[in-house]
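Per chain, numbering begins at 1; letters A, B, ... match sequence-line order.
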There are 2 protein chains.
Amino acid sequence: MQARETHKFAENIQAVKRMPQYLRLFNKVLGSGRDYISSVQIAKETGFRAILIKKDLLMVGAPGKTKLGYNVKGTIQTIENYLGWHNKKDACIVGYGKLGAALFNYEGFKKHGFNIVAAFDADYNNKKQPPLNNLYPMDKLAEFIKKNNISTAIITVPPASAQTVADMLVKAGIGAIWNFSPADIKVPQDVVIQNEDLSVGLALLCSRLRN
Amino acid sequence: MQARETHKFAENIQAVKRMPQYLRLFNKVLGSGRDYISSVQIAKETGFRAILIKKDLLMVGAPGKTKLGYNVKGTIQTIENYLGWHNKKDACIVGYGKLGAALFNYEGFKKHGFNIVAAFDADYNNKKQPPLNNLYPMDKLAEFIKKNNISTAIITVPPASAQTVADMLVKAGIGAIWNFSPADIKVPQDVVIQNEDLSVGLALLCSRLRN
(Lines give C-alpha, C1' and ligand atoms only; values in the text may rest on other atoms or scores of the structure.)
Protein backbone atom coordinates (compact mmCIF):
# COMPACT_ATOMS: atom_id res chain seq x y z
CA MET A 1 0.00 0.00 0.00
CA GLN A 2 1.30 3.47 -0.90
CA ALA A 3 1.78 6.05 1.84
CA ARG A 4 -1.06 8.22 0.56
CA GLU A 5 -3.48 5.29 0.43
CA THR A 6 -2.51 4.30 3.96
CA HIS A 7 -3.24 7.85 5.08
CA LYS A 8 -6.61 7.82 3.34
CA PHE A 9 -7.50 4.46 4.87
CA ALA A 10 -6.54 5.74 8.33
CA GLU A 11 -8.70 8.83 7.79
CA ASN A 12 -11.59 6.61 6.79
CA ILE A 13 -11.18 4.51 9.95
CA GLN A 14 -11.40 7.68 12.05
CA ALA A 15 -14.57 8.69 10.20
CA VAL A 16 -16.14 5.26 10.76
CA LYS A 17 -15.30 5.58 14.46
CA ARG A 18 -17.23 8.84 14.64
CA MET A 19 -20.37 7.33 13.08
CA PRO A 20 -21.83 5.83 16.30
CA GLN A 21 -21.56 9.24 17.94
CA TYR A 22 -23.41 10.90 15.03
CA LEU A 23 -26.06 8.19 15.31
CA ARG A 24 -26.53 8.80 19.03
CA LEU A 25 -26.90 12.54 18.44
CA PHE A 26 -29.28 12.17 15.48
CA ASN A 27 -31.44 9.72 17.41
CA LYS A 28 -31.60 12.18 20.32
CA VAL A 29 -32.61 14.96 17.93
CA LEU A 30 -35.18 12.66 16.33
CA GLY A 31 -36.62 11.95 19.78
CA SER A 32 -36.99 15.69 20.41
CA GLY A 33 -39.12 15.97 17.28
CA ARG A 34 -36.79 18.02 15.07
CA ASP A 35 -36.45 17.16 11.38
CA TYR A 36 -33.17 18.94 10.52
CA ILE A 37 -29.86 19.70 12.18
CA SER A 38 -27.02 21.86 10.82
CA SER A 39 -23.32 20.98 10.84
CA VAL A 40 -22.73 23.92 13.18
CA GLN A 41 -25.20 22.46 15.66
CA ILE A 42 -23.63 19.01 15.28
CA ALA A 43 -20.24 20.59 15.95
CA LYS A 44 -21.59 22.19 19.10
CA GLU A 45 -22.94 18.88 20.40
CA THR A 46 -20.08 16.58 19.43
CA GLY A 47 -17.04 18.84 19.73
CA PHE A 48 -15.90 17.90 16.19
CA ARG A 49 -15.12 20.70 13.74
CA ALA A 50 -17.95 21.54 11.30
CA ILE A 51 -15.68 20.94 8.28
CA LEU A 52 -14.86 17.44 9.52
CA ILE A 53 -18.54 16.70 10.09
CA LYS A 54 -19.38 17.84 6.55
CA LYS A 55 -16.65 15.58 5.17
CA ASP A 56 -17.82 12.58 7.23
CA LEU A 57 -21.46 12.98 6.26
CA LEU A 58 -20.55 13.56 2.61
CA MET A 59 -18.63 10.28 2.70
CA VAL A 60 -21.72 8.31 3.73
CA GLY A 61 -23.99 10.35 1.44
CA ALA A 62 -26.19 11.95 4.10
CA PRO A 63 -29.19 13.88 2.71
CA GLY A 64 -29.18 17.62 3.46
CA LYS A 65 -30.77 20.87 2.38
CA THR A 66 -29.10 24.28 2.11
CA LYS A 67 -29.90 26.44 5.16
CA LEU A 68 -31.91 23.65 6.83
CA GLY A 69 -29.05 21.19 7.39
CA TYR A 70 -29.16 17.41 7.46
CA ASN A 71 -32.42 15.50 7.41
CA VAL A 72 -32.39 13.63 10.70
CA LYS A 73 -34.33 10.49 9.79
CA GLY A 74 -32.64 10.19 6.39
CA THR A 75 -29.15 10.61 7.83
CA ILE A 76 -29.75 7.91 10.45
CA GLN A 77 -30.81 5.53 7.68
CA THR A 78 -27.84 6.51 5.53
CA ILE A 79 -25.27 5.97 8.29
CA GLU A 80 -26.84 2.67 9.33
CA ASN A 81 -26.78 1.53 5.72
CA TYR A 82 -23.17 2.63 5.35
CA LEU A 83 -22.23 0.57 8.42
CA GLY A 84 -24.27 -2.38 7.17
CA TRP A 85 -26.36 -2.32 10.35
CA HIS A 86 -29.45 -3.40 8.45
CA ASN A 87 -27.83 -6.65 7.36
CA LYS A 88 -28.24 -9.45 9.85
CA LYS A 89 -24.98 -11.06 10.95
CA ASP A 90 -24.91 -14.17 13.12
CA ALA A 91 -22.03 -14.38 15.56
CA CYS A 92 -20.77 -16.62 18.31
CA ILE A 93 -18.68 -16.03 21.42
CA VAL A 94 -15.76 -18.22 22.43
CA GLY A 95 -15.00 -17.97 26.15
CA TYR A 96 -17.99 -17.57 28.43
CA GLY A 97 -16.35 -15.85 31.38
CA LYS A 98 -17.56 -12.53 32.82
CA LEU A 99 -16.60 -10.52 29.73
CA GLY A 100 -18.07 -13.15 27.42
CA ALA A 101 -21.32 -13.08 29.41
CA ALA A 102 -21.37 -9.27 29.37
CA LEU A 103 -21.02 -9.18 25.57
CA PHE A 104 -23.48 -12.03 25.13
CA ASN A 105 -26.09 -9.95 26.94
CA TYR A 106 -25.14 -6.54 25.50
CA GLU A 107 -28.38 -5.03 24.19
CA GLY A 108 -26.70 -2.60 21.81
CA PHE A 109 -25.54 -5.31 19.40
CA LYS A 110 -28.91 -6.71 18.42
CA LYS A 111 -30.04 -3.24 17.35
CA HIS A 112 -27.20 -3.26 14.81
CA GLY A 113 -28.12 -6.59 13.26
CA PHE A 114 -25.36 -8.27 15.22
CA ASN A 115 -26.94 -11.38 16.63
CA ILE A 116 -24.91 -13.50 19.03
CA VAL A 117 -26.53 -16.91 18.72
CA ALA A 118 -24.19 -19.14 20.75
CA ALA A 119 -21.36 -19.20 23.26
CA PHE A 120 -18.64 -21.83 23.63
CA ASP A 121 -16.50 -22.54 26.66
CA ALA A 122 -13.66 -24.95 27.42
CA ASP A 123 -14.92 -25.21 30.97
CA TYR A 124 -18.45 -26.02 29.84
CA ASN A 125 -18.93 -28.88 32.28
CA ASN A 126 -17.99 -26.83 35.34
CA LYS A 127 -20.03 -23.71 34.57
CA LYS A 128 -22.29 -23.20 37.55
CA GLN A 129 -24.28 -20.60 35.63
CA PRO A 130 -28.00 -21.28 35.40
CA PRO A 131 -28.86 -23.42 32.37
CA LEU A 132 -28.07 -21.38 29.27
CA ASN A 133 -29.58 -22.85 26.13
CA ASN A 134 -26.98 -21.48 23.80
CA LEU A 135 -23.84 -22.46 25.70
CA TYR A 136 -21.86 -25.36 24.21
CA PRO A 137 -18.59 -27.20 24.84
CA MET A 138 -15.64 -26.41 22.57
CA ASP A 139 -15.85 -29.64 20.58
CA LYS A 140 -19.15 -28.45 19.09
CA LEU A 141 -17.61 -25.20 17.76
CA ALA A 142 -16.53 -26.17 14.23
CA GLU A 143 -19.72 -28.10 13.48
CA PHE A 144 -21.93 -25.27 14.75
CA ILE A 145 -20.16 -22.60 12.69
CA LYS A 146 -20.42 -24.63 9.48
CA LYS A 147 -24.00 -25.76 10.04
CA ASN A 148 -25.34 -22.32 10.99
CA ASN A 149 -23.22 -20.28 8.60
CA ILE A 150 -21.78 -18.09 11.38
CA SER A 151 -19.77 -15.21 9.88
CA THR A 152 -18.20 -13.64 12.95
CA ALA A 153 -16.70 -14.87 16.21
CA ILE A 154 -15.92 -12.92 19.36
CA ILE A 155 -12.91 -14.20 21.30
CA THR A 156 -12.98 -13.67 25.08
CA VAL A 157 -10.69 -16.48 26.20
CA PRO A 158 -7.49 -15.95 28.25
CA PRO A 159 -4.58 -14.69 26.09
CA ALA A 160 -2.73 -18.02 26.28
CA SER A 161 -5.57 -19.79 24.44
CA ALA A 162 -6.41 -17.02 21.96
CA GLN A 163 -4.28 -18.22 19.02
CA THR A 164 -5.46 -21.83 19.37
CA VAL A 165 -9.08 -20.67 19.35
CA ALA A 166 -8.43 -18.38 16.35
CA ASP A 167 -6.90 -21.31 14.44
CA MET A 168 -9.97 -23.44 15.19
CA LEU A 169 -12.26 -20.65 14.00
CA VAL A 170 -10.34 -20.09 10.77
CA LYS A 171 -10.35 -23.81 10.05
CA ALA A 172 -14.12 -23.86 10.58
CA GLY A 173 -14.46 -21.12 7.95
CA ILE A 174 -15.16 -18.00 10.00
CA GLY A 175 -15.02 -14.69 8.08
CA ALA A 176 -14.25 -12.24 10.88
CA ILE A 177 -12.84 -12.30 14.40
CA TRP A 178 -13.51 -9.65 17.03
CA ASN A 179 -10.75 -10.25 19.54
CA PHE A 180 -11.21 -9.06 23.13
CA SER A 181 -8.31 -11.13 24.43
CA PRO A 182 -5.13 -9.09 25.02
CA ALA A 183 -3.09 -11.29 22.67
CA ASP A 184 -1.81 -10.71 19.15
CA ILE A 185 -3.58 -13.20 16.92
CA LYS A 186 -2.36 -14.20 13.47
CA VAL A 187 -5.00 -15.04 10.84
CA PRO A 188 -4.91 -15.50 7.05
CA GLN A 189 -5.30 -12.33 4.97
CA ASP A 190 -8.88 -13.10 3.94
CA VAL A 191 -10.10 -13.19 7.55
CA VAL A 192 -11.06 -9.81 9.03
CA ILE A 193 -9.63 -9.19 12.47
CA GLN A 194 -10.63 -6.42 14.85
CA ASN A 195 -8.71 -6.14 18.11
CA GLU A 196 -10.41 -4.66 21.15
CA ASP A 197 -7.68 -4.38 23.74
CA LEU A 198 -8.98 -2.82 26.95
CA SER A 199 -5.47 -1.76 27.94
CA VAL A 200 -5.40 0.55 24.88
CA GLY A 201 -8.24 2.50 26.48
CA LEU A 202 -6.32 2.51 29.74
CA ALA A 203 -3.18 3.75 27.95
CA LEU A 204 -5.15 6.64 26.43
CA LEU A 205 -6.78 7.47 29.75
CA CYS A 206 -3.39 7.49 31.52
CA SER A 207 -1.74 9.63 28.86
CA ARG A 208 -4.60 12.12 29.08
CA LEU A 209 -4.32 12.22 32.85
CA ARG A 210 -0.59 12.89 32.50
CA ASN A 211 -1.03 15.82 30.08
CA MET B 1 -6.55 24.65 19.20
CA GLN B 2 -4.86 25.31 15.84
CA ALA B 3 -5.34 22.81 13.02
CA ARG B 4 -1.70 21.75 13.13
CA GLU B 5 -1.79 21.19 16.88
CA THR B 6 -4.97 19.14 16.52
CA HIS B 7 -3.21 17.03 13.89
CA LYS B 8 -0.20 16.54 16.15
CA PHE B 9 -2.39 15.61 19.10
CA ALA B 10 -4.29 13.09 16.93
CA GLU B 11 -0.97 11.59 15.79
CA ASN B 12 0.12 11.30 19.40
CA ILE B 13 -3.13 9.51 20.30
CA GLN B 14 -2.46 6.96 17.56
CA ALA B 15 1.06 6.43 18.92
CA VAL B 16 -0.25 5.94 22.46
CA LYS B 17 -2.72 3.38 21.12
CA ARG B 18 0.14 1.37 19.63
CA MET B 19 2.07 1.24 22.92
CA PRO B 20 0.21 -1.76 24.42
CA GLN B 21 1.00 -3.76 21.29
CA TYR B 22 4.71 -2.85 21.53
CA LEU B 23 4.61 -3.88 25.19
CA ARG B 24 3.07 -7.26 24.36
CA LEU B 25 5.72 -7.90 21.70
CA PHE B 26 8.64 -6.74 23.86
CA ASN B 27 7.45 -8.91 26.75
CA LYS B 28 7.22 -11.90 24.42
CA VAL B 29 10.76 -11.22 23.17
CA LEU B 30 11.94 -10.81 26.77
CA GLY B 31 10.40 -14.19 27.60
CA SER B 32 12.32 -15.79 24.75
CA GLY B 33 15.58 -14.56 26.29
CA ARG B 34 16.60 -12.00 23.65
CA ASP B 35 18.09 -8.66 24.74
CA TYR B 36 17.61 -6.59 21.56
CA ILE B 37 15.12 -6.24 18.74
CA SER B 38 15.41 -4.10 15.60
CA SER B 39 12.71 -1.86 14.15
CA VAL B 40 12.64 -4.12 11.07
CA GLN B 41 11.86 -7.12 13.26
CA ILE B 42 9.22 -5.12 15.17
CA ALA B 43 7.69 -4.16 11.82
CA LYS B 44 7.55 -7.82 10.81
CA GLU B 45 5.77 -8.79 14.02
CA THR B 46 3.34 -5.88 14.34
CA GLY B 47 2.62 -4.99 10.73
CA PHE B 48 3.47 -1.31 11.40
CA ARG B 49 5.98 0.41 9.11
CA ALA B 50 9.54 0.58 10.50
CA ILE B 51 9.63 4.38 10.13
CA LEU B 52 6.48 4.70 12.25
CA ILE B 53 7.93 2.38 14.89
CA LYS B 54 11.11 4.46 15.07
CA LYS B 55 9.05 7.62 15.49
CA ASP B 56 6.87 6.06 18.21
CA LEU B 57 9.82 4.71 20.19
CA LEU B 58 11.72 7.98 19.79
CA MET B 59 8.70 9.77 21.26
CA VAL B 60 8.83 7.72 24.47
CA GLY B 61 12.65 7.79 24.54
CA ALA B 62 13.30 4.06 24.12
CA PRO B 63 16.97 3.06 24.55
CA GLY B 64 18.61 1.57 21.45
CA LYS B 65 21.99 0.79 19.96
CA THR B 66 23.03 1.10 16.30
CA LYS B 67 22.95 -2.29 14.58
CA LEU B 68 21.61 -4.07 17.70
CA GLY B 69 18.24 -2.35 17.88
CA TYR B 70 16.16 -1.55 20.95
CA ASN B 71 17.06 -2.86 24.37
CA VAL B 72 14.09 -5.01 25.30
CA LYS B 73 14.06 -4.60 29.08
CA GLY B 74 14.85 -0.90 28.88
CA THR B 75 12.16 -0.21 26.29
CA ILE B 76 9.49 -1.99 28.34
CA GLN B 77 10.42 0.19 31.33
CA THR B 78 10.44 3.32 29.16
CA ILE B 79 7.01 2.67 27.64
CA GLU B 80 5.50 1.78 31.02
CA ASN B 81 6.93 4.98 32.48
CA TYR B 82 5.60 6.99 29.55
CA LEU B 83 2.12 5.57 30.14
CA GLY B 84 2.41 6.14 33.87
CA TRP B 85 1.82 2.45 34.53
CA HIS B 86 4.18 2.50 37.51
CA ASN B 87 2.05 5.05 39.33
CA LYS B 88 -0.72 3.53 41.37
CA LYS B 89 -4.19 4.86 40.56
CA ASP B 90 -7.21 3.93 42.64
CA ALA B 91 -10.47 3.64 40.73
CA CYS B 92 -14.08 2.70 41.32
CA ILE B 93 -16.80 1.24 39.11
CA VAL B 94 -20.33 2.59 39.00
CA GLY B 95 -22.81 0.00 37.74
CA TYR B 96 -22.16 -3.58 38.82
CA GLY B 97 -23.91 -5.43 35.99
CA LYS B 98 -22.20 -8.05 33.86
CA LEU B 99 -19.86 -5.56 32.17
CA GLY B 100 -19.07 -3.90 35.50
CA ALA B 101 -18.28 -7.28 37.01
CA ALA B 102 -16.11 -8.22 34.04
CA LEU B 103 -14.04 -5.04 34.36
CA PHE B 104 -13.91 -5.36 38.17
CA ASN B 105 -12.27 -8.74 37.72
CA TYR B 106 -10.09 -7.92 34.69
CA GLU B 107 -6.58 -9.05 35.60
CA GLY B 108 -4.82 -6.81 33.09
CA PHE B 109 -5.61 -3.58 34.93
CA LYS B 110 -3.80 -4.32 38.19
CA LYS B 111 -0.59 -4.96 36.27
CA HIS B 112 -0.79 -1.36 35.04
CA GLY B 113 -1.20 0.18 38.49
CA PHE B 114 -4.91 0.58 37.88
CA ASN B 115 -6.52 -0.65 41.04
CA ILE B 116 -10.32 -0.92 41.14
CA VAL B 117 -11.07 -0.74 44.85
CA ALA B 118 -14.87 -0.52 44.93
CA ALA B 119 -18.05 -0.92 42.91
CA PHE B 120 -21.34 0.93 43.36
CA ASP B 121 -24.77 -0.10 42.17
CA ALA B 122 -28.23 1.47 42.31
CA ASP B 123 -29.71 -2.00 42.66
CA TYR B 124 -27.39 -2.86 45.57
CA ASN B 125 -30.14 -4.35 47.74
CA ASN B 126 -31.35 -6.74 45.06
CA LYS B 127 -27.97 -8.04 43.92
CA LYS B 128 -28.12 -11.78 44.36
CA GLN B 129 -24.38 -12.04 43.76
CA PRO B 130 -22.39 -13.75 46.51
CA PRO B 131 -21.28 -11.28 49.18
CA LEU B 132 -18.79 -8.91 47.59
CA ASN B 133 -16.89 -6.89 50.15
CA ASN B 134 -16.30 -3.91 47.93
CA LEU B 135 -19.82 -3.43 46.56
CA TYR B 136 -21.72 -0.45 47.95
CA PRO B 137 -25.04 1.32 47.39
CA MET B 138 -25.03 4.57 45.40
CA ASP B 139 -25.53 6.83 48.43
CA LYS B 140 -22.04 5.88 49.65
CA LEU B 141 -20.38 7.01 46.38
CA ALA B 142 -19.48 10.64 47.10
CA GLU B 143 -18.22 9.95 50.61
CA PHE B 144 -16.10 7.01 49.45
CA ILE B 145 -14.45 8.98 46.63
CA LYS B 146 -13.54 11.88 48.90
CA LYS B 147 -12.37 9.73 51.82
CA ASN B 148 -10.25 7.39 49.69
CA ASN B 149 -8.98 9.96 47.22
CA ILE B 150 -10.24 8.02 44.19
CA SER B 151 -8.95 9.61 40.97
CA THR B 152 -10.80 7.66 38.31
CA ALA B 153 -14.28 6.19 37.89
CA ILE B 154 -15.51 3.65 35.37
CA ILE B 155 -19.13 4.09 34.31
CA THR B 156 -20.99 0.92 33.32
CA VAL B 157 -24.58 1.98 34.04
CA PRO B 158 -27.37 2.01 31.41
CA PRO B 159 -27.14 5.03 29.05
CA ALA B 160 -30.18 6.73 30.58
CA SER B 161 -28.40 7.05 33.96
CA ALA B 162 -24.92 7.88 32.65
CA GLN B 163 -25.13 11.69 32.84
CA THR B 164 -26.63 11.65 36.36
CA VAL B 165 -23.84 9.36 37.54
CA ALA B 166 -21.21 11.54 35.83
CA ASP B 167 -22.61 14.63 37.57
CA MET B 168 -22.41 12.84 40.95
CA LEU B 169 -18.81 11.84 40.26
CA VAL B 170 -17.76 15.32 39.20
CA LYS B 171 -19.39 16.80 42.29
CA ALA B 172 -17.50 14.30 44.44
CA GLY B 173 -14.23 15.54 42.91
CA ILE B 174 -13.30 12.76 40.47
CA GLY B 175 -10.43 13.56 38.08
CA ALA B 176 -11.16 11.16 35.24
CA ILE B 177 -14.08 9.15 33.89
CA TRP B 178 -13.75 6.04 31.75
CA ASN B 179 -17.18 5.73 30.19
CA PHE B 180 -18.35 2.32 28.93
CA SER B 181 -21.98 3.40 28.67
CA PRO B 182 -23.09 4.20 25.10
CA ALA B 183 -24.12 7.74 26.04
CA ASP B 184 -22.49 11.10 25.41
CA ILE B 185 -21.53 12.51 28.77
CA LYS B 186 -20.78 16.17 29.42
CA VAL B 187 -18.15 17.01 32.05
CA PRO B 188 -16.26 20.18 32.99
CA GLN B 189 -13.04 20.84 31.03
CA ASP B 190 -10.74 19.87 33.90
CA VAL B 191 -12.20 16.35 34.10
CA VAL B 192 -10.62 13.81 31.74
CA ILE B 193 -13.13 11.70 29.84
CA GLN B 194 -12.39 8.57 27.83
CA ASN B 195 -15.28 6.98 25.96
CA GLU B 196 -15.23 3.26 25.30
CA ASP B 197 -18.20 2.62 23.06
CA LEU B 198 -18.45 -1.04 22.06
CA SER B 199 -20.51 -0.13 19.00
CA VAL B 200 -17.48 1.77 17.63
CA GLY B 201 -15.66 -1.56 17.48
CA LEU B 202 -18.69 -3.07 15.82
CA ALA B 203 -18.81 -0.21 13.30
CA LEU B 204 -15.16 -0.81 12.40
CA LEU B 205 -15.69 -4.54 12.14
CA CYS B 206 -18.71 -4.07 9.87
CA SER B 207 -16.95 -1.55 7.63
CA ARG B 208 -13.99 -3.95 7.28
CA LEU B 209 -16.33 -6.80 6.41
CA ARG B 210 -17.98 -4.61 3.78
CA ASN B 211 -14.69 -3.62 2.08
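In terms of heavy atoms, A:R208 sits closest to B:Q194 at NH1-OE1, 2.6 Å. The two residues A:I150 and A:D90 have their closest heavy-atom pair at CG2-O, 3.4 Å. Taking each heavy atom of A:G95 and A:D121 in turn, the nearest pair found is C-OD2, 3.6 Å. Listed here is the closest heavy atom pair of A:A15 and A:D56: CB-OD1, 3.5 Å. Of all non-hydrogen atoms in B:I174 and B:S151, the two that sit nearest each other are CG1-O, 3.5 Å.
Looking only at heavy-atom pairs under 4.5 Å with chain B, the residue among A:V192, A:L204, A:L99 that has the most is A:L204. Chosen from A:L83, A:I193, A:L198, A:N87, the residue pairing most often with chain B at heavy-atom distances under 4.5 Å is A:L198. In terms of heavy-atom pairs under 4.5 Å with chain A, the best-connected choice from B:D197, B:N195, B:I177 is B:D197. With respect to chain B, the highest number of heavy-atom pairs below 4.5 Å among A:N105, A:L103, A:T156 belongs to A:N105.
Heavy atoms closer than 4.5 Å to chain A are found in the side chain of B:Y106, but not in its backbone. With a 4.5 angstrom heavy-atom cutoff, B:T152 touches chain A only via side-chain atoms.
Formation of a donor-acceptor pair under 3.5 Å by the A:S161 side chain with backbone atoms of A:V157 is not found in this model. For the pair B:N115 (side chain) and B:V117 (backbone), a donor-acceptor distance under 3.5 Å is absent.
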field: From CA spacing to verdict: side-chain contact (heavy atoms from CB on, under 4.5 Å), A:V16, A:Y82
entry: CA-CA 9 Å; A:V16 169; A:Y82 179 84; 4.1 Å; yes
field: Derivation and outcome, ring-ring contact (aromatic ring centres under 6.0 Å, His included), residues A:F104 and A:Y96
entry: CA-CA 8 Å; A:F104 196 83; A:Y96 195 74; 5.8 Å; yes
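Scanning residues 182-191 of chain B against chain A with a 4.5 Å non-hydrogen threshold yields B:P182, B:A183, B:D184, B:K186, sorted by number. Among residues 23-46 of chain B, the residues having any heavy atom closer than 4.5 Å to a heavy atom of chain A are, in sequence order, B:R24, B:E45.
Under the 6.0 Å cut-off for aromatic ring centres, A:F144 and A:Y136 qualify, their centroids lying closer than that.
Between A:H112 and A:W85, the ring planes lie parallel to each other; the angle is under 30°, not in the 30° to 60° tilted range. Under the 30°/60° scheme for interplanar angles, the aromatic rings of A:W178 and A:F114 are found to stand perpendicular.
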